[in-house]
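Single-structure report; data block below.
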Amino acid sequence: MTRRVILGRRGDGQRGIFVSPPGVDAFTAPLSLLTLSISEKVSQLLLLSYVTASQNVPLGVGYNPIVIITGRATISQSIGYEGYYGPVRPSPTFFSHYNAGTGGFTGEDPPSWAQIVGGGSHLYVNAGTVTSFAVFNRAI
Amino acid sequence: MSRLRLGRLANGVYGLHITMPGYHTSTADPNNSEQTSFYSEWTDMVQVHQAGVVSVAATVAQAVPITGLGYRAFYEIRKYGGGVFWDDSFDTNIVGVNSDIDATELRAHGLASGSYSAVYVIYRQPLAFQ
């Protein structure tokens, strides 16, 4: 039986909470293989989600956290790549693409951006395209 | 209302299950992120090694030291300024943050003119190409 959860001291001497995936010993495995490792003041992911249109997202934290946003225009929208799927990098795409709303071809989407509102109560995401966002517990 | 269970979980395996407010560990769906915040059977997780803000002056490469990794890691970096977090590209000229990484530092490269700031997150996930 493998030790999946360690509360206290690990084999390498570190103290904290350590959780390993099935088949991996949380007491001896390298930290990089663990599912959860809390032994120091490190950043954690608080929220990972996406919006399809500009909107406020409730956060409920009392500080300005680090946020990483990523537009998710698909390559299938790009001329010459119809029928293929997957996110285009960088985002927004610089390819012209078909706009189903107008029936014509357009240039690049406007860049998405996000802003903390109310000292951390909300995250406003201005979505130039479908936009995913990751909020971390590290304050700016 | 039990929101944390350490030991034998509802499906019979041993581990750790933490639920969201309003959900009991005996009934919360571990594959529903609105009900469960952590479940030790998850295998598709990655740890955050380091996160922060870097200020970059024009024409220079601003280094961010990385300690305790020993490999070239997956990371993300985005322009940040005036309270605004930008996407990969942040203007109509498709300009992004130019950066690179090795085992000991992340470098954000300056623009031809003008300074900028960026937020970055480094994950404990080695890149396939080292």
Side-chain angles (χ1 to χ4, degrees), chain A residues 1-5 7 17 19-24 26 30-38 42-45 47-49 64-71 88-94 107-117 123-129 131 133-134 136-138 140, chain B residues 5-9 13-18 21 33-34 37-53 68-71 73 75-98 117-126:
Chain A
M1 169 181 276
T2 56
R3 291 160 287 195
R4 299 284 311 285
V5 180
L7 277 81
I17 303 174
V19 179
S20 63
V24 176
L31 293 176
S32 60
L33 294 182
L34 301 184
T35 307
L36 179 69
S37 170
I38 303 175
V42 297
S43 297
Q44 304 285 334
L45 178 64
L47 179 62
L48 177 64
S49 188
N64 290 352
I66 286 178
V67 176
I68 297 283
I69 68 166
T70 304
V88 173
R89 305 257 55 89
S91 175
T93 171
F94 52 84
E108 72 256 14
D109 295 310
S112 297
W113 53 269
Q115 193 167 27
I116 301 296
V117 179
L123 173 70
Y124 174 71
V125 182
N126 189 87
T129 181
T131 301
F133 56 90
F136 298 85
N137 72 346
R138 170 74 186 271
I140 289 180
Chain B
R5 177 178 289 190
L6 174 63
R8 189 179 176 87
L9 305 180
V13 302
Y14 288 86
L16 175 64
H17 188 186
I18 305 172
S33 62
E34 294 183 353
S37 61
F38 182 81
Y39 190 65
S40 54
E41 291 297 293
W42 289 342
T43 57
D44 56 348
M45 295 184 69
V46 65
Q47 300 171 44
V48 175
H49 181 73
Q50 189 172 329
V53 183
L69 270 186
Y71 53 78
Y75 71 99
E76 294 187 282
I77 187 168
R78 300 285 190 277
K79 182 187 177 185
Y80 169 76
V84 173
F85 303 92
W86 289 96
D87 201 349
D88 281 353
S89 301
F90 47 80
D91 68 18
T92 54
N93 293 320
I94 316 298
V95 175
V97 174
N98 185 7
S117 293
V119 293
Y120 66 90
V121 178
I122 301 169
Y123 299 90
R124 288 178 181 162
Q125 176 63 48

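Sequence lines set the chain letters: A, B, ... in the order given, protein chains first and strands last, and positions in each chain run from 1. Note that the coordinates shown come from a computational prediction; the quantities given were computed from them, not determined experimentally.
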>> Please determine whether ring pair (Phe, Tyr, Trp, His ring centres under 6.0 Å) holds for the pair B:Y80 and A:W113, giving the CA-CA distance in whole Å, both sets of side-chain angles, and the decisive distance to 0.1 Å.
In response: CA-CA 10 Å; B:Y80 169 76; A:W113 53 269; over 10 Å; no

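- Both the backbone and the side chain of A:L34 come within less than 4.5 Å of a heavy atom of chain B.
- In this structure, chain A has no heavy atom under 4.5 Å from any part of B:L69.
- Contacts with chain A were tallied for B:G82, B:G83, B:G7; B:G83 has the most, counting heavy-atom pairs under 4.5 Å.
- Looking at A:S20, only its backbone comes within 4.5 Å of chain B, counting heavy atoms on both sides.
- Summarising the geometry of B:W42 relative to B:S37, their closest heavy-atom pair is CZ3-O, 3.5 Å, with the distance given to 0.1 Å.
- In this view, B:P21 and B:R3 satisfy the side chain to side chain contact (heavy atoms under 4.5 Å, CB included) rule, not counting sequence neighbours.
- Within the 4.5 angstrom heavy-atom criterion, no atom of A:P30 approaches chain B.
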> Could you walk me through whether B:V97 and B:W86 pass the side chain to side chain contact (heavy atoms under 4.5 Å, CB included) check?
Replying inline: CA-CA 10 Å; B:V97 174; B:W86 289 96; over 6 Å; no

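- Of the listed residues (A:V19, A:L123, A:I69), the one with the most heavy-atom contacts under 4.5 Å to chain B is A:I69.
- A donor atom on one side chain and an acceptor atom on the other are not found under 3.5 Å apart for B:H17 and B:R5.
- Proximity to chain B (any heavy atom under 4.5 Å) is restricted, for A:V5, to the side chain, taken from C-beta onward.
- For A:S49, the side chain to side chain contact (heavy atoms under 4.5 Å, CB included) partners two or more places apart in sequence, or in a different chain, are A:F133.
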